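Here the structure is a predicted model, which is why all the values come from computation and not from measurement. Below, read A as the first sequence line, B as the second, and so on, with proteins coming before strands; counting in each chain starts at 1.
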Amino acid sequence: SGTDDTELTVAAAASLTEPFQLLEAAFEEQNEGVNVRFSFGSSTTLAEQATQGAPGDVLATADEESMQVAETGKALAADPVRFATNRLVLVVPADNPAGITGIDDLAGSDWVRCDDKIPCGRLAVTLLADNQTAASPSSKEIDVKAVLAKVASGEADAGFVYATDAIVARDEVEVIEIPGSETELNPYFIARLEQDDSVGLADKWVAFVSSPAGQQILADAGFGRP
Amino acid sequence: MTDPLGRPPARLLVPAVLGTLLLLVPLVALVLSTPWSLLGEQLASRELRQALWLSVLTATVAMLACLVLGLPLAWVLARLEFPGRGLLRTLVTIPLVLPPVVAGVALMAAFGRTGLIGKPLWELTGFALPYTTAGVVVAHTFVSLPFVVLAIEGALRSARKEYDAAAATLGASRWLTFRTVTVPLAMPGILAGMMLGWARSIGEFGATITFAGNYEGTTQTMPSLIYVSMNSDPEAARSLSLVLLVFSVVVLVALRDRWLATP
Amino acid sequence: MTDPLGRPPARLLVPAVLGTLLLLVPLVALVLSTPWSLLGEQLASRELRQALWLSVLTATVAMLACLVLGLPLAWVLARLEFPGRGLLRTLVTIPLVLPPVVAGVALMAAFGRTGLIGKPLWELTGFALPYTTAGVVVAHTFVSLPFVVLAIEGALRSARKEYDAAAATLGASRWLTFRTVTVPLAMPGILAGMMLGWARSIGEFGATITFAGNYEGTTQTMPSLIYVSMNSDPEAARSLSLVLLVFSVVVLVALRDRWLATP
Amino acid sequence: MSDLQVSLEVPGRVHAAFAAERGDVIAVIGPNGAGKSSMVKAIAGLVPATGSVLLDGTDLVTRPTRERGLGVVFQDQLLFPHLDARRNVAFGPRARGLAKAAALARADAWLERLGVADLAERRPGQLSGGQAQRVAIARALATEPDLLLLDEPMSGLDVGVATALRIELAAHLAEFGGISVLVTHDAIDALTVANRVLVLDRGAVVQDGTPDEVSQRPATDHVARLVGLNVVHRERSLLAFPPSAVTLSLGEPEGSARLRWHGEVGRVTTHGGAVRVVVRTAGTGPELIADVTPAAATELGLVPGRAVWASTKETSVRAYDEPRR
Amino acid sequence: MSDLQVSLEVPGRVHAAFAAERGDVIAVIGPNGAGKSSMVKAIAGLVPATGSVLLDGTDLVTRPTRERGLGVVFQDQLLFPHLDARRNVAFGPRARGLAKAAALARADAWLERLGVADLAERRPGQLSGGQAQRVAIARALATEPDLLLLDEPMSGLDVGVATALRIELAAHLAEFGGISVLVTHDAIDALTVANRVLVLDRGAVVQDGTPDEVSQRPATDHVARLVGLNVVHRERSLLAFPPSAVTLSLGEPEGSARLRWHGEVGRVTTHGGAVRVVVRTAGTGPELIADVTPAAATELGLVPGRAVWASTKETSVRAYDEPRR
Ligand SMILES: Nc1ncnc2c1ncn2[C@@H]1O[C@H](COP(=O)(O)OP(=O)(O)OP(=O)(O)O)[C@@H](O)[C@H]1O
Ligand SMILES: Nc1ncnc2c1ncn2[C@@H]1O[C@H](COP(=O)(O)OP(=O)(O)OP(=O)(O)O)[C@@H](O)[C@H]1O
Ligand code: MOO
Ligand SMILES: [Mg+2]
Ligand SMILES: [Mg+2]
């Protein structure tokens with residue numbers, strides 16, 4: 001974190017990498033002389049680190065639990081704001097070798113999802129249940145990037161990833177919408193941190209993320225409205 | 001009698017103690033900060049038992065694979081002179097510098113269903129390594145092999161080549177010499193190399209998860225289990241780590257006592 | 001003249017070739033599947049240059065730390081007889097079996113602001129290791145030290161102890177003997193150990209990101225950058241991996257040629 | 001009290017005590033495995049031993065090797081393989097604090113004295129066996145030790161060098177005022193370089209005297225062979241006589257030859273102008289050496305296996321008490 | 001054509017050619033660094049060499065070491081440190097295909113012959129120098145090789161063992177029908193065990209003949225010393241004469257002693273009953289050895305540095321052509 005008003009440090013969930021880097025450019029344009037630094041990582045780790053005094057002015061997590069960890073750990077200087085959502089989609093490799101057209105085709109193919117212990121896995125399980133699909137995966141990946149990598153490389157016939165991930169890999173995968181996914185949302189939260197010493201920049205960033213300009217960038221990256 | 005070579009100098013003892021502390025303190029801190037209360041419950045879980053067994057199984061098979069492939073490779077590097085030896089040695093070192101996840105990506109590009117070797121294999125036999133226990137072994141082997149080869153090569157180079165020559169004058173073939181002279185003389189280094197390989201495989205995570213995935217019973221090793229637990233229940237993850245730690249130590253101690261009993 | 005010891009046996013050459021292929025094929029596959037078009041752009045990015053520099057800096061400092069702490073530790077293990085030596089050797093092996101992320105957790109428990117050592121340090125001096133470049137070095141050192149110690153110990157054990165005795169009869173202190181006899185004789189093994197340590201540090205990721213975070217310029221090493229890129233642009237991540245690979249190879253080749261020129 | 005008093009035991013290998021004065025050169029002789037090297041290593045502190053090594057009243061056993069003021073030539077040399085000959089020799093002076101240039105200069109001087117100055121830049125791996133041996137001797141001498149331990153320093157040296165070295169060593173040892181322990185299998189070393197001879201057998205000292213005493217009244221077969229005599233036991237005494245005093249005959253000898261043994265011819269070789277015959281006497285009797293003229297050998301048909309009588313006259317025999325062990 | 005024809009060059013170290021018949025025992029003598037070990041190693045294929053080694057018409061040089069049918073005793077033994085004595089000796093027979101039990105039995109037999117049967121279970125590190133040397137010899141002999149290369153096999157052996165071994169070796173070599181090359185620094189080995197002597201000097205063969213030829217007409221100083229003679233050059237010939245034929249005087253000798261040199265006394269030692277004096281003659285003249293009586297030595301005041309004349313009578317001198325090199 002900056003000791004003056006020219007540097008802003010943002011700890012953010014890895015899935016926010018692309019939109020936040022775009023936001024950074026816009027933000028630095030608006031606030032001359034300001035430099036935004038990031039620390040991307042898993043939400044859980046970032047939240048834990050925040051409670052232990054990791055440098056940072058703003059924390060953005062890809063779930064509610066992590067933000068609660070930060071809150072309980074007295075790391076937050078302000079109430080968290082829900083600023084985006086993400087939803088699951090089904091992706092298949094560009095050439096769709098298994099000919100999957102919907103969630104019902106999964107049975108008998110090599111498909112993957114996240115592990116039950118993490119949000120993207122829990123969402124997938126819920127959606128599968130909602131759609132009364134009993135297919136079992138070939139692997140329960142430890143994060144959504146691993147799911148995407150497997151599908152993008154053709155190692156898996158299909159996989160559950162967030163809409164934003166599908167956009168990142170748009171050349172390599174084909175997206176199949178899942179019925180009911182718009183109700184099973186994964187929320188994103190952002191909050192100013194206790195150790196913020198950026199003299200107002202942190203609040204500016206939080207505000208900027210929720211501003212129309214910020215929301216547009218997030219939407220372009222595939223995020224849903226908060 | 002005091003040591004006839006003289007007292008060990010402080011200049012060596014002090015850094016040795018510091019090095020020991022650097023390794024010791026984090027372990028102690030980890031143990032102290034672990035909720036022991038959870039341990040009983042953890043130990044009873046089928047998930048843990050499966051993952052632990054799979055870790056031990058795959059690390060051990062990978063260690064044997066590293067021995068079978070790595071010992072000859074180390075021998076070639078240490079004993080033969082041929083153009084391109086330097087190149088080969090560098091090649092062996094490269095996988096070390098790959099972050100494990102990238103190693104997983106590389107393995108996928110090679111042996112995955114759509115990979116360089118994997119694709120024809122898949123098309124011919126319908127078999128693919130990802131999602132299989134064999135895939136975990138391949139990932140472990142790929143990541144650990146460099147350690148094993150370099151450690152063993154060092155040991156082979158230190159053992160005097162002249163004994164190989166002596167064996168040749170007695171009519172021994174190179175293979176017999178290798179088995180009965182070269183290997184026994186380099187044994188401490190070979191065992192150390194195997195131990196390095198085993199330990200590295202036990203802790204390996206990035207390449208395994210990327211290449212072989214994470215499914216209970218077939219590809220979920222302890223590190224994967226710990227990683228996913230960390231996201232849902234950090235305390236549980238710590239006690240799982242402790243289980244892995246204690247278990248590995250027991251195995252290592254047992255092996256060391258058997259193998260490396262210093263004369 | 002043909003090799004007087006006879007032709008290398010197929011029983012060794014075949015597994016050696018297989019081992020080489022296991023290491024080579026994934027690298028080739030990785031290179032083939034990388035979009036070279038991105039490379040130019042990547043190389044120009046400040047982010048990459050920062051991370052690469054930081055990786056090299058921290059891996060090199062960690063390697064030196066491993067040498068300073070690890071060489072004496074290896075010497076103690078190889079040359080002194082004392083009760084608890086077996087225990088100490090096991091202690092050295094333990095960090096190997098920790099998944100790197102757990103290693104990061106352990107480091108935090110020890111040196112974090114609320115940690116065993118970190119807390120008093122923080123309260124006294126206001127300095128804390130996590131999230132600093134020094135923290136990256138500590139994480140690298142913790143993860144790499146066991147490799148370095150075990151590799152060097154193997155080399156020291158293979159070198160004949162009798163030379164130490166000969167030096168003693170000539171009046172050399174243990175320290176002088178260490179410097180002028182023990183170390184030069186074990187040099188190939190020591191260099192191999194340092195190389196192992198450097199390479200391991202370059203690829204390390206889990207412990208670093210957990211203990212030191214992922215801040216551009218201060219703690220974001222190449223593996224962390226690659227991790228981040230995987231979230232924003234998987235293709236870019238591959239070409240970053242390639243950059244890391246090629247760069248490390250160049251460094252390793254340069255070092256090897258200097259150090260390990262086989263006579 | 002003597003300047004040096006040694007009393008050491010290496011369990012199962014050697015148990016020996018002796019004393020020496022400054023200036024002494026003590027030859028240690030004895031058959032293979034007698035414990036010579038073990039004794040030397042124990043003095044140097046290189047094998048675990050119990051007992052004491054008092055040099056000018058201080059016990060070296062409690063001191064680490066490097067403070068014992070030693071120079072050692074090991075039976076297997078142990079030249080540092082990574083250092084050239086010059087640096088090997090300079091190692092000791094350097095370790096004892098001499099400046100680098102001075103140490104190298106001293107090394108050169110010693111290499112010169114041992115006739116290997118032109119090999120100063122070679123590493124041990126590039127030296128012949130005898131050349132390496134000379135470098136090892138130079139290395140041990142270059143520290144100017146109080147106590148010089150030489151384990152078969154002449155082995156592998158060619159005859160010219162060995163002779164020269166014997167003289168060189170004798171001169172050096174006489175002048176340096178320390179104490180030297182010289183393990184050897186060569187009678188010439190023992191008899192020309194040393195002023196004391198210590199005979200070891202099966203780990204124990206069986207004789208300790210001047211070269212003359214030992215060569216004239218050998219206490220063991222081994223020493224007798226070394227100096228070229230026959231030795232036999234009679235009651236509490238030993239009898240020594242030269243091979244030339246042994247007469248061989250096919251029938252039992254009559255008359256004055258009171259010492260006679262029946263046996264069969266073993267090996268037959270030429271020895272100078274004579275024929276040297278080994279006679280294996282019956283039962284637990286001694287093995288004897290006889291020198292006979294070629295004419296006699298032919299006449300008697302002395303081929304291996306032939307039964308013969310060996311006899312010697314009492315007048316050719318030197319009788320003495322068995323040295324107490 | 002001979003059974004064995006050797007013509008080898010190890011650049012900078014040795015360049016030698018010789019031939020031998022089955023049953024020959026060739027002693028190789030020469031000063032330290034003459035190239036003896038290099039030649040042996042080249043024959044074994046253990047140092048890179050050019051040339052040929054024709055055994056019964058096939059060139060061994062193109063074959064790997066293990067197919068050359070060799071037995072080698074290395075100057076530094078190279079016993080396998082991880083195997084006990086028995087297994088060291090059994091290694092060769094095993095490698096050549098003998099069953100384990102048979103190989104061990106053969107090993108035991110050889111250890112027995114070399115008098116170290118009781119040490120069969122010891123590892124090399126637990127043997128004395130001479131014991132290890134005997135195991136190394138047993139190991140080389142146990143393969144019953146066609147070509148036996150022994151590099152100073154007697155060094156480090158005690159006199160009794162060395163004598164016994166010489167006989168044993170001679171008997172074995174005579175019977176085994178192969179060819180043996182025996183590097184030695186000991187005249188006795190060369191003169192009693194061998195039927196041919198090859199003299200090396202500075203990497204070249206300077207003499208090749210029977211022991212008698214070589215000992216009576218030594219071509220080099222080194223050999224002369226080895227057999228205890230003086231050798232001087234005169235025109236194209238060499239003159240050899242024993243130390244006892246040398247007369248020392250303070251003034252220039254007159255009369256019949258046509259061979260005379262001026263010089264100064266070098267070392268003085270006792271040698272048997274006589275006093276052995278080394279005379280360093282002036283300029284580039286030879287170094288001579290003279291044996292004089294103790295009385296004469298005292299009378300002439302023969303201390304080192306003293307100027308003397310040495311002379312010998314033509315009648316005591318054996319003159320012969322310098323062997324072509
Ligand atoms: N490390 C060891 N462990 C057990 N016994 C040993 C060891 N080293 C030597 N010995 C035995 O101790 C005895 C004495 O050995 P030592 O080397 O002192 O003999 P030595 O007199 O030097 O003989 P040599 O003339 O052959 O060199 C021998 O019987 C030998 O086998
Ligand atoms: N590896 C090497 N590289 C270069 N020169 C060497 C090497 N080994 C030996 N030499 C030299 O070659 C020459 C011949 O050595 P060699 O060992 O053959 O002598 P040698 O006759 O066996 O002597 P010794 O009686 O001392 O054993 C010597 O001058 C020696 O210094
Ligand atoms: O560095 Mo890792 O994160 O081994 O798996
Ligand atoms: Mg000895
Ligand atoms: Mg030699």
Side-chain angles (χ1 to χ4, degrees), chain B residues 5-6 8-9 11-12 15-16 18-19 23 25-27 29-30 33 68-70 72-73 75-76 80 90-91 93-99 102 106-107 109-110 115-117 150-151 154-155 157-159 164 168 174-175 188-189 192 196 199-200 202-203 205 223 226-227 241 248-249 252-253, chain C residues 5-6 8-9 11-12 15-16 18-19 23 25-27 29-30 33 68-70 72-73 75-76 80 90-91 93-99 101-102 106-107 109-110 115-117 150-151 154-155 157-159 164 168 174-175 188-189 192 196 199-200 202-203 205 223 226 241 248-249 252-253:
Chain B
L5 298 186
R11 277 190 260 201
L12 290 174
L18 287 179
L23 295 175
V25 170
L27 297 178
L30 184 69
S33 70
V68 169
L69 303 175
L73 191 48
W75 179 85
V76 165
L80 299 188
T90 307
L91 179 67
T93 323
I94 298 178
L96 286 177
V97 304
L98 286 183
V102 177
L107 282 170
L116 209 58
I117 305 281
L150 293 183
R157 271 162 171 263
S158 310
D164 288 15
R174 268 203 120 138
W175 171 244
L196 275 180
R200 175 74 188 114
I202 282 283
F205 157 66
I226 292 172
Y227 186 84
S241 304
S248 306
V249 169
L252 287 174
V253 167
Chain C
L5 299 185
R11 278 190 260 200
L12 290 175
L18 287 179
L23 295 175
V25 169
L27 296 178
L30 184 69
S33 71
V68 168
L69 302 175
L73 191 47
W75 180 84
V76 165
L80 299 188
T90 307
L91 179 67
T93 323
I94 298 177
L96 285 178
V97 305
L98 286 182
V101 172
V102 177
L107 283 169
L116 210 56
I117 304 281
L150 292 183
R157 272 163 170 263
S158 309
D164 288 14
R174 266 201 122 140
W175 171 244
L196 276 179
R200 175 74 188 113
I202 282 284
F205 158 66
I226 292 171
S241 303
S248 307
V249 168
L252 287 174
V253 167

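Looking only at side-chain heavy atoms (C-beta outward), L12(C) and V76(B) stay at 4.5 Å or farther from each other. L91(C) has its side chain within reach of L27(B): a pair of non-hydrogen atoms, C-beta onward, lies under 4.5 Å apart.
Looking at residues two or more places apart in sequence or on another chain, you find a side chain to side chain contact (heavy atoms under 4.5 Å, CB included) between P99(C) and P223(B), I226(B), L244(B), V102(C).
Of all non-hydrogen atoms in R157(B) and P188(C), the two that sit nearest each other are NH1-CB, 4.4 Å. Across P9(C) and R174(B), no two heavy atoms sit closer than the pair CD-CB, 3.7 Å. For P26(C) against A110(B), the heavy-atom pair with the smallest separation is CA-CB, 3.6 Å. The two residues L73(B) and A16(C) have their closest heavy-atom pair at CD1-O, 3.7 Å.
With a threshold of 4.5 angstrom between heavy atoms, L23(B) approaches chain C through its backbone and through its side chain. Contact annotation for L98(B): both backbone and side-chain heavy atoms come within less than 4.5 Å of a heavy atom of chain C. Both the backbone and the side chain of W175(B) have a heavy atom closer than 4.5 Å to some heavy atom of chain C.
Ranked by heavy-atom pairs shorter than 4.5 Å toward chain B, the options V97(C), I202(C), L96(C) are led by V97(C). Between chain B and the options L18(C), V68(C), I94(C), heavy-atom pairs under 4.5 Å are most frequent for I94(C). The greatest number of non-hydrogen atom pairs below 4.5 Å with chain B, out of A109(C), G19(C), A106(C), is found for A106(C).
The distance from the CG atom of L30(B) to the CG atom of L107(C) is 9.5 Å, given to the nearest 0.5 Å.
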